[in-house]
Every structure is written in structure tokens, then in C-alpha cells.
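What you see is a predicted model; the values in this text were computed from it and never measured.
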Amino acid sequence: MTDALSWQPTASLHHLRGRAAVMTSLRRFFADRAVLEVETPVLSAASITDLQLGFMETRWHGPGASSGKRLFLHTSPEFPMKRLLCAGYGDIYQICKVFRDDESGRYHNPEFTMLEWYRLGFDHHQLMTEVDALLQQVLRCPAGERLSYAAAFQQVLAIDPHSASDAVLASLCADRAQYTGSALDRDGMLQLLFSICIEPTLGHDRPCFIFDFPASQAALAQIRPETPPVASRFEVYVNGIELANGFHELADAAEQRRRFLADNDARHARGLPAGELDEALLAALAQGLPACAGVALGVDRLVMLALGARHIDEVLSFTIRNA
């Protein structure tokens, strides 16, 4: 028997009004900085190769595709936005729905809202400053602190994550993260320790920016040839909640292709489906991506923090459970 109340929204009118106010504040922030709002397609012929993300797909049966063309719901607008950057469109931002498989919980819904923006001539430190200004405007919070990835591990676990042995990491996973599963590779152990032991401690008095991730976790960021090499990447946390992930963007098309292929090899090793490479993005990068930094921010989590909500359902009109 169908629940008679299943059609009801999960968010209150009060929270939807608060959400609308946050959206207005975000657009005012970028209008004040002359950053152009853009829209790009939700559907793509390419997917992602990121090992940590699950993608959703559908089929289009239009002209020339009567047997059905495989299309993917984007996990982020990053790839088409970078094509706009390569075409000379300058500083841009987008607020849009994105889709990720297997994500549902207190801070997750498989369909959610992302804010993504790119600033020409910025590195990741300059972009951290701008993210900090946005959070102060929306959350009325103090200015954030900045902590390197290594310093965060030293502060919480008293180790250097770049030089600690795999045996030390495995011992910490068992003792501090209570991990009893199958053996993890080095990045898997670092990510487990970061998510279980370090993330909950971050950003309780003010936003906390973590930067200089291991080079192996660069994703689409530049790698700086230091000792050890580190990724020009940051994440920001408020009340232990990850809000945003930003990069000093990689502009090398050949290196980007190499990373995509390496990701697919790793996906194959884990029994995951391979991602479809975005050849249009790679062609755009070959033409030339201007020096820039970009960041993706979870809008629903930002609204939760702004309104004091305890669960993402409270700030979404409808969730996967009553869509």
C-alpha cells in the first residue's frame, strides 16, 4: 500500500526560503566580481575515470541513434566548463544539478547541487582566499585557517603521511580507524585515516583549508616538484563536513590523458567499469587552457550549514526516497 504522505516535500517552507536566500547570495558574490554565470549540458558522451566516484548512464534514441546512444549524467560540470575556458570565455561559474551513484545518507543524495567556478590567473592559494570570502558572506563565519595535509596528519596522528611506512599506516588503520577489511593500497590507507580520524576534527571554530595533498591524489591538479612532490589542491571543511575541492588546474593534455588511462587501469584492477575518456576535453586542452584555478562546492551542504540543518533531506524539496 502506498504511503499517503510519500508525496510530501522533505524540506520545510522555511528552509526552502532560506535556500533561496543562499542562492541569491551566491549569485551576488559572483556578480560583484564580474564572473560570468554559464550553463553546460547535464548529459555527456564521456564519463569520469575517478576511482572514488560512481557514474549514472542513460540512452538516447534520437536521429542517428535508433539503437540507443550511451550517455552519462555528469558528476560535475568541470569538463565542459574547461572547454569554455579554452575557447576564451574568461572567469566563469555554474550552479547545477550533478549525479553520483551509490551516494545517499546524512550528507549525500545521488542528485545534488554543485557550485563550480574558475578564475584565470589564480593559483590554489588565491582561490582559497576567494572561497574563504564566499563562506564568510554566506555563513557569517570567521576567516578560515590553512593547514597542510602533512600538518593535519601530524596534529591528529603524529605521523608524516608522505614518509610513514605502509606498515605504520596499516597499524593506524586497524587501531585508530578500526579497519578490519581486506588490505588497502597506500592511498586507500591515507584516505581512510583522513576521513575517519582527521576530517571530524576540522573546521569547528572556523573553516579549515587543507592543502598540499600527496601527488598520487592530484586528480586534475598540477603537481609541484618538491621533496616530496605535492598536488596543488585543497579541500575546505566546516564542522567536520567537506564543502569544497579545488585545484590549480592541470593544463597539459598529454598528462591528463595519461592520468585518465591510469585511472581506468586502476578501475579495471578493482572490478569497476572503465570510464569513457572525454576526447573533446583533451582536444580543448591541446588547444590551450589558460592558467587558472577552479573549485567545486557542495551547495546543499552549504545550505545545511547556513540554516543549521542536521540532514540533507531538510534542505531538498524531494530526495531519492520520494522523488
Side-chain angles (χ1 to χ4, degrees), residues 2 6-7 9-10 36-89 92-104 108-118 219-220 249-289 294 296 298-300 312 316-323:
T2 303
S6 63
W7 60 271
T10 55
L36 176 67
E37 182 172 11
V38 299
E39 290 185 340
T40 57
V42 169
L43 291 173
S44 172
S47 67
I48 46 87
T49 59
D50 192 314
L51 275 70
Q52 309 305 318
L53 300 181
F55 49 78
M56 299 182 185
E57 61 181 270
T58 185
R59 287 195 173 270
W60 173 59
H61 297 85
S66 58
S67 60
K69 180 179 180 180
R70 190 184 188 200
L71 293 172
F72 301 91
L73 295 166
H74 67 178
T75 59
S76 150
E78 178 171 5
F79 294 173
M81 290 183 76
K82 284 183 173 177
R83 289 165 62 185
L84 291 176
L85 294 172
C86 292
Y89 283 60
I92 54 175
Y93 82 97
Q94 182 168 187
I95 300 173
C96 63
K97 292 292 187 180
V98 297
F99 304 84
R100 297 182 180 179
D101 204 7
D102 300 328
E103 295 196 358
S104 182
H108 296 89
N109 191 64
E111 176 186 350
F112 63 100
T113 301
M114 179 178 286
L115 162 64
E116 186 147 339
W117 78 95
Y118 293 86
L220 282 80
E249 299 292 346
L250 176 68
D252 186 325
E255 171 62 13
Q256 187 61 76
R257 181 181 294 277
R258 187 198 67 77
R259 292 189 194 179
F260 283 159
L261 294 173
D263 282 350
N264 269 344
D265 287 344
R267 290 181 72 89
H268 176 74
R270 297 187 188 184
L272 299 172
E276 294 286 341
L277 271 59
D278 193 326
E279 294 293 347
L281 169 67
L282 293 169
L285 293 179
Q287 182 69 27
L289 177 72
V299 172
D300 307 305
I312 196 170
L316 299 176
S317 299
F318 302 99
T319 72
I320 191 65
R321 289 175 292 280
N322 70 343

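Nearest heavy atoms, Asp278 versus Ser44: OD2-OG, 4.5 Å. Of all heavy-atom pairs spanning Arg59 and Gly68, the tightest one is NH1-O, 3.0 Å. Taking every heavy atom of both residues into account, Leu51 and Arg270 meet most closely at CD2-CZ, 3.2 Å. Scanning all heavy atoms of the two residues, the minimum distance from Ala46 to Leu277 falls at CB-O, 3.7 Å. Considering every non-hydrogen atom in both Gly275 and Asn264, the closest pair reads N-OD1, 2.8 Å. Of all non-hydrogen atoms in Arg267 and Pro273, the two that sit nearest each other are NE-O, 2.6 Å.
The closest side-chain donor-acceptor pair between Arg259 and Thr49, if any, does not fall under 3.5 angstrom.
A 4.5 Å side-chain heavy-atom check between Arg258 and Leu261 finds every atom pair outside the cut-off. Side-chain contact between Leu281 and Phe260: present, with at least one pair of heavy atoms (C-beta onward) separated by less than 4.5 Å. A 4.5 Å side-chain heavy-atom check between Ile48 and Asp263 finds every atom pair outside the cut-off. Counting only heavy atoms from C-beta outward, the side chains of Gln94 and Glu78 never approach each other to under 4.5 Å. Annotation: side chain of Asn109 is not in contact with side chain of Asp300 (no heavy-atom distance under 4.5 Å). Two residues are said to be in side-chain contact when any heavy atoms from C-beta on lie closer than 4.5 Å; Leu53 and Phe55 fail this criterion. The shortest distance between side-chain heavy atoms of Thr40 and Phe79 does not fall below 4.5 Å. Annotation: side chain of Asn322 is not in contact with side chain of Trp7 (no heavy-atom distance under 4.5 Å).
For the atom pair Arg83 CZ and Leu289 CG, the distance stands at 13.0 Å (nearest 0.5 Å). We find the CD-OH distance between Glu37 and Tyr93 to be 3.5 Å, quoted to the nearest 0.5 Å. Between the NZ atom in Lys82 and the CG atom in Leu250 there is a gap of 7.0 Å [rounded to 0.5 Å]. To the nearest 0.5 Å, atom OG1 of residue Thr10 and atom CZ of residue Phe318 are 7.5 Å apart.
At least one donor-acceptor pair closer than 3.5 Å links the side chain of Ser47 to the backbone N or O of Glu276. The closest donor-acceptor contact from the side chain of Arg100 to the backbone of Thr75 lies under 3.5 Å.
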Exercise for review: Could you please spell out the steps behind the side-chain contact (heavy atoms from CB on, under 4.5 Å) verdict for Leu282 and Gln256?
Suggested key: CA-CA 7 Å; Leu282 293 169; Gln256 187 61 76; 3.9 Å; yes
Practice item. Give the C-alpha distance, both sets of side-chain angles, the deciding distance and a yes or no for side-chain contact (heavy atoms from CB on, under 4.5 Å) between Thr58 and Trp60. Key: CA-CA 7 Å; Thr58 185; Trp60 173 59; over 6 Å; no
Exercise for review: Show your working on side-chain contact (heavy atoms from CB on, under 4.5 Å) between Glu116 and Cys96 and close with a plain yes or no.
Suggested key: CA-CA 9 Å; Glu116 186 147 339; Cys96 63; over 6 Å; no
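Other residues, nucleotides and ligands contribute over 12 non-hydrogen atoms within 6.0 Å of the NZ atom of Lys97. Tyr89 OH: 12 or fewer foreign heavy atoms inside a 6.0 Å radius. Within a 6.0 Å radius of CD in Gln287, no more than 12 heavy atoms belonging to other residues, nucleotides or ligands are found.
Using cut-offs of 30° and 60° on the angle between ring planes, the pair His74 and Phe99 is tilted.
The only option from Leu73, Asp101, Ile320 that meets the side-chain contact (heavy atoms from CB on, under 4.5 Å) definition with Pro110 turns out to be Ile320.
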